[in-house]
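Structure, as C-alpha cells:
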2 protein chains.
Amino acid sequence: MSTATALSKTNPPVTCGECPIRHRAVCSGCDQDELAVLDGLKSYKTYAKGETIIWAENALTHLSTVVTGVASLNRTLEDGRCQIVGVLLPSDFIGRPGRSAVAHDVVAATEVTLCRFEKKIFEGLLAKSPAIMARLLSKTSDDLDAARDWMLLLGRKSAREKVAGFLSMLVRRAIQQNGMPAEDGATIALPLSRSDLANYIGLTLETTSRQFSQLKRDGVITLPSQRDVHIPNLANLFKEAAEPDRV
Amino acid sequence: MSTATALSKTNPPVTCGECPIRHRAVCSGCDQDELAVLDGLKSYKTYAKGETIIWAENALTHLSTVVTGVASLNRTLEDGRCQIVGVLLPSDFIGRPGRSAVAHDVVAATEVTLCRFEKKIFEGLLAKSPAIMARLLSKTSDDLDAARDWMLLLGRKSAREKVAGFLSMLVRRAIQQNGMPAEDGATIALPLSRSDLANYIGLTLETTSRQFSQLKRDGVITLPSQRDVHIPNLANLFKEAAEPDRV
DNA sequence: CGCACATTTGATCCTGGTCAAAAGGCGTGG
DNA sequence: CCACGCCTTTTGACCAGGATCAAATGTGCG
C-alpha cells in the first residue's frame, strides 16, 4: 500500500507536436504559440498498474491528461463497497481546476503515463486561454453525458444487459477512435479485471463472470483469451445491451 | 401529449439585477455591463407541472436556466424503463452549447419558469465572456460530481440507503442555500412523486414506498403530509444513507 | 514445476420486483 | 357540504434475479 509511490518513475518529455493525443486532449484547440508555452510547463509521470494516482482525501497538486494506459475513478464506502464512477482512456483529463481535491481515488488499471501541469500554473493557463477553457468545458460535458448514460445502466438494466452494455461502450469508444472495423465483428481488449468490471457495472464479480459465460454460450461473444473479447455481430451485442443500434 | 405546449405561457421579464438566482446562476460572474446586455437578450417561459420542456430527439433551440420550480432529466429505454439522471433546481442550467440536442427529456416536476436565450445568441455570449464560460464550466463540473455520487448510490446501495440517500441529498442542498437549521432537525418538501422518486433512485415505486414506511416506523423520519418529510436527527439520516456525517 | 492469484462454476439465501388489492387525498359537481 | 370518481400511495403475497459462501479450475510468473 504505502510503497506504491516507489513504483512510479519519470519519463523524458517529448514535444507537444509529436504527442499521440495531440488532437483529442484538452490542449487540442491551442495554436502553435500556445503549444510552445505548454511544452515548457508540462512534465510526464508514469504509474505502475494498481498504483493509486490520486487519493480522494489528499490535496490536488497537479492537473493532468492520460497519455497512455487506463485509469479508473473509484468511490468507496467506509464498509468497503466500491463503485467505479469513471474510466479514463488516453486524452482524458484528471482533476478539477479551482478545487483542492477530487471526490474519488484515481487508480491505474494498467501502467499509466500522465502529462501533468502544476495546478496553479494550469489555472493560470486556463484564465489566459479561452481555447483550453472551451475544450475543457466540452470534455467535461462529454463526461457528464457518459456518467448519465451510466446511471441508466446502473439503475435500470439487468445483469446481462449491464455486461453487454459495458462491452458496447468499449466498442463504441474503439470505433470512435479507430473508425469502423472492416468486417462486421470486432475484437476488443478489456482494460479492467473482472473485479474492477463488476465494480463498474454495479454487480458482484461472480455474477459478472456468469454473464460472460452465458453471452459466450449464446454466441454473442467469443473469448480468445481472458482479457480479449471478440464480438461477431455488433448489432446483436447492442440489442443485448438494450441500446439503439446506431454506433 | 401534443397539447402540452398549449399549457405554457410567457411571463413579463424582470431585470437581471432583481433576479432571485442572480448570484448562483451561470450569469453570476458577470459585471453590470454584461448584465445589461443579458437583460436585452433573455426571455422567460413558464411550463405547467408534467409538461415536457425538451424532448430528447428534438433540436435544441434555447439554452436556459431554471428560475423557479423543479425539473427532471429523464432517460427512457424503448421498453419503457425510465431512469431520472438529474434533478434541476432554481439556478441550474439546461442545454449544451455546441450540441444540437440533449440525450434526455427535460420534464417539469412542478410548474417551472425558465430564463432563456436563443442558442446561437448564448453561444455568442459564451465566446465573448470568459466569466460566463468559467461559471458554466464550474456548474458542469458540479453536475458531474453529483452524477458520480449518484452512480455510487445506484450501483452499490440498498433500497433503504437509497431512500435515505435521496433525502440526505435534498437536505444538503437545502442547507447549502438556506443555511443550517436552528434546531437539530429539518423539514423538507419533496419535489417529486413516489413514482419519479423511484425512477431517480433506481427502485420500483412499491419498494420506495415500503422504505418510507420503515424509516417512519424506525423514527428516522416523520411524514407531516404526503409531500413533506421531517427529519428529527440529521446525523441519523446520514448514517442510514451510509454517508459521512459532514453536511 | 509449483505457487499465488484470477476466474469460473455450484448451491443456497435474501433483497427487491411483480402482481394485486386496499386505503388515502383531492378536485369536481350536485 | 358532501358524495363520487380518479389518481397516488400504501400494504400484502409470492416470485426471481442477483448476492453470498464455498470450492474447483485456469493462468501467469518466479
Side-chain angles (χ1 to χ4, degrees), chain A residues 1 48-50 72 77 79-83 107 109-111 153-167 189-218 221-229 240 242, chain B residues 48-50 72 77 79-83 109-111 153-167 189-218 221-229 240 242:
Chain A
M1 299 276 162
K49 175 173 173 170
S72 64
L77 292 171
D79 61 14
R81 279 176 289 175
C82 172
Q83 174 70 45
V107 181
T110 64
E111 180 173 276
L153 178 140
L154 290 174
R156 287 292 175 228
K157 293 196 178 174
S158 69
R160 170 182 265 243
E161 288 169 338
K162 283 179 172 182
V163 171
F166 171 77
L167 295 175
L190 298 183
L192 264 41
S193 69
R194 289 285 181 283
S195 159
D196 279 349
L197 211 163
N199 285 333
Y200 191 27
I201 63 185
L203 295 174
T204 58
L205 119 189
E206 294 96 328
T207 309
T208 304
S209 176
R210 272 183 248 275
Q211 297 305 326
F212 264 90
S213 301
Q214 287 183 224
L215 286 172
K216 187 172 72 174
R217 172 170 59 65
D218 298 345
I221 59 173
T222 317
L223 301 174
S225 83
Q226 265 185 162
R227 281 299 183 97
D228 290 293
V229 179
E240 289 291 350
Chain B
K49 175 174 174 170
S72 64
L77 293 171
D79 61 15
R81 280 176 289 175
C82 171
Q83 174 70 45
T110 64
E111 180 174 276
L153 178 141
L154 290 173
R156 287 293 176 226
K157 292 195 179 177
S158 70
R160 170 182 266 241
E161 288 170 338
K162 283 179 172 182
V163 171
F166 171 77
L167 295 175
L190 298 183
L192 263 41
S193 70
R194 288 286 183 280
S195 159
D196 280 349
L197 212 164
N199 284 333
Y200 192 27
I201 62 185
L203 296 174
T204 59
L205 125 189
E206 294 96 326
T207 312
T208 305
S209 178
R210 272 183 248 275
Q211 298 305 327
F212 264 90
S213 301
Q214 287 182 227
L215 286 172
K216 187 172 74 173
R217 174 170 58 65
D218 298 345
I221 60 173
T222 316
L223 301 173
S225 84
Q226 266 187 156
R227 282 299 183 98
D228 291 292
V229 179
E240 290 290 350

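Proteins get letters first, then strands, A, B, ... in listed order; numbering begins at 1 in each.
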Next on the checklist: What verdict does the side chain to side chain contact (heavy atoms under 4.5 Å, CB included) test give for B:L190 and B:L167, after you've listed the backbone C-alpha separation in whole Å, the side-chain angles of each residue and the deciding distance to 0.1 Å?
Outcome noted: CA-CA 9 Å; B:L190 298 183; B:L167 295 175; 3.9 Å; yes
Checklist entry - How close or far is atom P of D:dG18 from atom CG of A:L153, stated in whole angstroms? => result 12 Å
Next on the checklist: Five pairs per end, C1' atoms only: what is the angle between the end axes of the helix from C:dC1-D:dG30 to C:dG30-D:dC1, to 10 degrees?
Outcome noted: 40°
Next on the checklist: Please find the pair of heavy atoms, one from B:A109 and one from B:P191, that lie closest to each other, and give the distance.
Outcome noted: CB-O, 3.8 Å
Item to check | Distance-minimising heavy-atom pair for A:L77 and B:K157 | outcome: CD2-CE, 4.1 Å
Checklist entry - Rounded to whole angstrom units, what separation is found between the CD atom of B:Q211 and the P atom of C:dG16? => result 6 Å
Checklist entry - Heavy atoms, side chains only, cut-off 4.5 Å: are B:L223 and B:D228 in contact? => result no
Checklist entry - What heavy-atom pair brings B:R81 and A:A242 nearest, and what distance separates the two atoms? => result NH2-CB, 4.0 Å
Checklist entry - Under the side chain to side chain donor-acceptor pair (under 3.5 Å) rule, what pairs show up with a residue in residues 195-209 of chain A, not counting sequence neighbours? => result A:N199-B:R156, A:T204-A:T207
Checklist entry - Is any side-chain nitrogen or oxygen of A:S193 closer than 4.0 Å to OP1 or OP2 of C:dA6? => result no
Close N or O pairs between protein and nucleotides 10-15 of chain D (under 3.5 Å):
unit_1, atom_1, unit_2, atom_2, d
D:dT10, OP1, B:R194, NH2, 3.2
D:dT10, OP2, B:R194, NE, 2.7
D:dT10, OP2, B:S209, OG, 2.7
D:dT10, O5', B:S209, OG, 3.1
D:dT11, OP2, B:S213, OG, 2.4
D:dG12, N7, B:R210, NH1, 2.9
D:dG12, O6, B:R210, NH2, 3.1
D:dA13, N6, B:R210, NH2, 3.4

Checklist entry - How long is the line joining CZ of A:R160 and P of D:dG18, in whole Å? => result 11 Å
Item to check | Heavy-atom closest pair, residues A:L205 and A:R194 | outcome: CB-O, 4.3 Å
Next on the checklist: Could you tell me how far apart B:L203 (CG) and C:dT18 (P) are, to the nearest whole angstrom?
Outcome noted: 11 Å
Checklist outcome for this item: Whole-Å distance, B:K162 NZ to C:dT15 P, equals 15 Å
Next on the checklist: Using whole Å, what does the distance between atom C1' of nucleotide C:dG16 and atom NZ of B:K157 come to?
Outcome noted: 18 Å
Checklist entry - Once you round it to whole Å, what is the distance between C1' of D:dG18 and CZ of A:R81? => result 15 Å
Checklist entry - Rounding to a whole Å, what distance do you find between A:D79:CG and D:dA19:P? => result 15 Å
Checklist outcome for this item: For B:A164 and B:L215 the tightest heavy-atom approach is N-CD1, 4.3 Å
Checklist entry - Do you know which two heavy atoms are closest between A:L153 and A:F166, and how far apart they sit? => result CD1-N, 4.3 Å
